[in-house]
Amino acid sequence: QVQLVESGGGLVQAGGSLRLSCAASGRIVSINEMQWYRQAPGKQREFLASITIPGRANYADSVKGQFTISRDNDKNTVYLQMNSLKPEDTAVYLCNADVDDGRTLMNYWGQGTQVTVSS
């Protein structure tokens, strides 16, 4: 069984920054693409960014230039650096990963971490 655990969320004032982490644990041979999403109340889940094993990143237009995704393959961890935060960035932030456990490739979600940006 594989678990993804997000951390680093919290309350921040507009214009501030946060760095989210998502650590994978369990039976892991390798982790392919890792992604960040967010979901605000009453809204659909929104893709934010993805990163491949070698570190190729892809961003949604809505966060390009504002958020930066990175990963540490030795730690099975993906990060999301969020700068210049705005109240509309308030949401639950979730990570997603395709994990190879040596027998199969499965997709996993974390439980999410709350980010609240005050005006």
Side-chain angles (χ1 to χ4, degrees):
Q1 187 71 8
V2 173
Q3 285 190 321
L4 302 182
V5 178
E6 300 96 336
S7 61
L11 175 64
V12 63
Q13 288 189 331
S17 298
L18 283 175
R19 188 192 193 211
L20 306 183
S21 300
C22 173
S25 62
R27 185 184 175 94
I28 299 170
V29 173
S30 66
I31 303 177
N32 294 345
E33 190 170 87
M34 305 183 82
Q35 302 177 341
W36 283 100
Y37 289 76
R38 68 185 176 189
Q39 188 158 21
K43 294 188 176 181
Q44 287 189 332
R45 190 165 293 185
E46 176 188 13
F47 167 79
L48 300 176
S50 64
I51 188 166
T52 63
I53 294 175
R56 182 186 302 172
N58 181 48
Y59 296 94
D61 288 342
S62 59
V63 301
K64 200 172 292 184
Q66 182 190 4
F67 291 179
T68 303
I69 190 171
S70 61
R71 65 188 286 172
D72 184 330
N73 294 327
D74 291 335
K75 295 181 179 179
N76 292 326
T77 299
V78 62
Y79 305 96
L80 188 69
Q81 177 67 42
M82 307 187 296
N83 298 326
S84 303
L85 286 163
K86 299 166 280 191
E88 50 264 44
D89 293 317
T90 296
V92 174
Y93 284 69
L94 306 105
C95 68
N96 179 276
D98 294 323
V99 180
D100 181 352
D101 67 2
R103 293 174 296 184
T104 187
L105 184 67
M106 288 189 66
N107 185 261
Y108 292 91
W109 286 94
Q111 292 295 311
T113 184
Q114 176 70 45
V115 171
T116 302
V117 184
S118 63
S119 57

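Between the side chain of Arg71 and the main chain of Thr52, a donor-acceptor pair closer than 3.5 Å is present.
Under a cut-off of 6.0 angstrom, the local environment of CD in Gln111 is sparse, with at most 12 non-hydrogen atoms contributed by other residues, nucleotides or ligands. Within 6.0 Å of atom CD in Gln3, 12 or fewer heavy atoms from other residues, nucleotides or ligands are found, so the atom counts as exposed in its surroundings.
At a cut-off of 3.5 Å, with distance as the only test, no side-chain donor of Asn32 or Asp100 sits close to an acceptor on the other residue.
Counting heavy atoms from C-beta outward, Ile31 and Asn73 have side chains that stay 4.5 Å or more apart. Two residues are said to be in side-chain contact when any heavy atoms from C-beta on lie closer than 4.5 Å; Thr90 and Gln114 meet this criterion.
Residues satisfying the side chain to side chain contact (heavy atoms under 4.5 Å, CB included) test with Ser119, not counting sequence neighbours, are Pro87. Evaluation of the side chain to side chain contact (heavy atoms under 4.5 Å, CB included) rule for Leu11 yields Thr116, Ser118 as partners, not counting sequence neighbours.
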Which pairs of donor and acceptor atoms, one on a side chain in residues 61-68, lie under 3.5 Å apart (sequence neighbours left out)?
from  : atom 1 : to    : atom 2 : distance (Å)
Asp61 : OD1    : Lys64 : NZ     : 3.1
Ser62 : OG     : Glu46 : OE2    : 3.0
Gln66 : NE2    : Asn83 : O      : 3.1
Gln66 : NE2    : Ser84 : O      : 3.1
Gln66 : NE2    : Asp89 : OD2    : 3.0

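Within the hydrophobic cluster formed by Ile, Leu, Val, Met, Phe, Trp and Tyr side chains joined at under 4.5 Å, directly or through other members, Tyr37 is accompanied by Phe47, Val92, Leu94, Trp109.
The structure places CD of Gln35 at 9.0 Å from CG of Asn58, a figure rounded to the nearest 0.5 Å. Note that the OG1 atom of Thr113 and the CG atom of Leu80 stand 11.0 Å from one another [nearest 0.5 Å]. Rounding to the nearest 0.5 Å gives a distance of 8.5 Å between CG of Asn76 and OG of Ser25. Here CD of Glu33 is found 10.0 Å from CG of Asn107. Values are rounded to the nearest 0.5 Å. Here CG of Leu18 is found 9.0 Å from OH of Tyr93. Values are rounded to the nearest 0.5 Å. Separation of atoms CG (Asp101) and OH (Tyr108) is listed at 5.5 Å; rounding is to 0.5 Å.
Nearest heavy atoms, Ser21 versus Thr77: CB-CG2, 4.4 Å. Across all their heavy atoms, Ile69 and Ala57 have their closest contact at CG2-CB, 3.7 Å.
Residue pairs meeting the disulfide bond (SG atoms under 2.5 Å apart) criterion with at least one member in residues 55-119, sequence neighbours excluded: Cys22-Cys95. Every pair tested for salt bridge (charged side-chain N to carboxylate O under 4.0 Å, His left out) that includes a residue from residues 50-60 fails, sequence neighbours excluded, so the list is empty.
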**Stepwise side chain to side chain contact (heavy atoms under 4.5 Å, CB included) test for Leu20 and Glu6** = CA-CA 7 Å; Leu20 306 183; Glu6 300 96 336; over 6 Å; no

**Request:** I would like to know whether Val2 and Met106 meet side chain to side chain contact (heavy atoms under 4.5 Å, CB included); could you show each step before the answer?
**Result:** CA-CA 9 Å; Val2 173; Met106 288 189 66; over 6 Å; no

**Message:** Does Asp72 form a side chain to side chain contact (heavy atoms under 4.5 Å, CB included) with Tyr79? I'd like the steps, not just the answer.
**Reply:** CA-CA 8 Å; Asp72 184 330; Tyr79 305 96; 4.0 Å; yes

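Under a hydrophobic-cluster definition in which Ile, Leu, Val, Met, Phe, Trp and Tyr are linked whenever side-chain heavy atoms come within less than 4.5 Å, directly or via other members, Ile53 and Tyr59 are assigned to different clusters.
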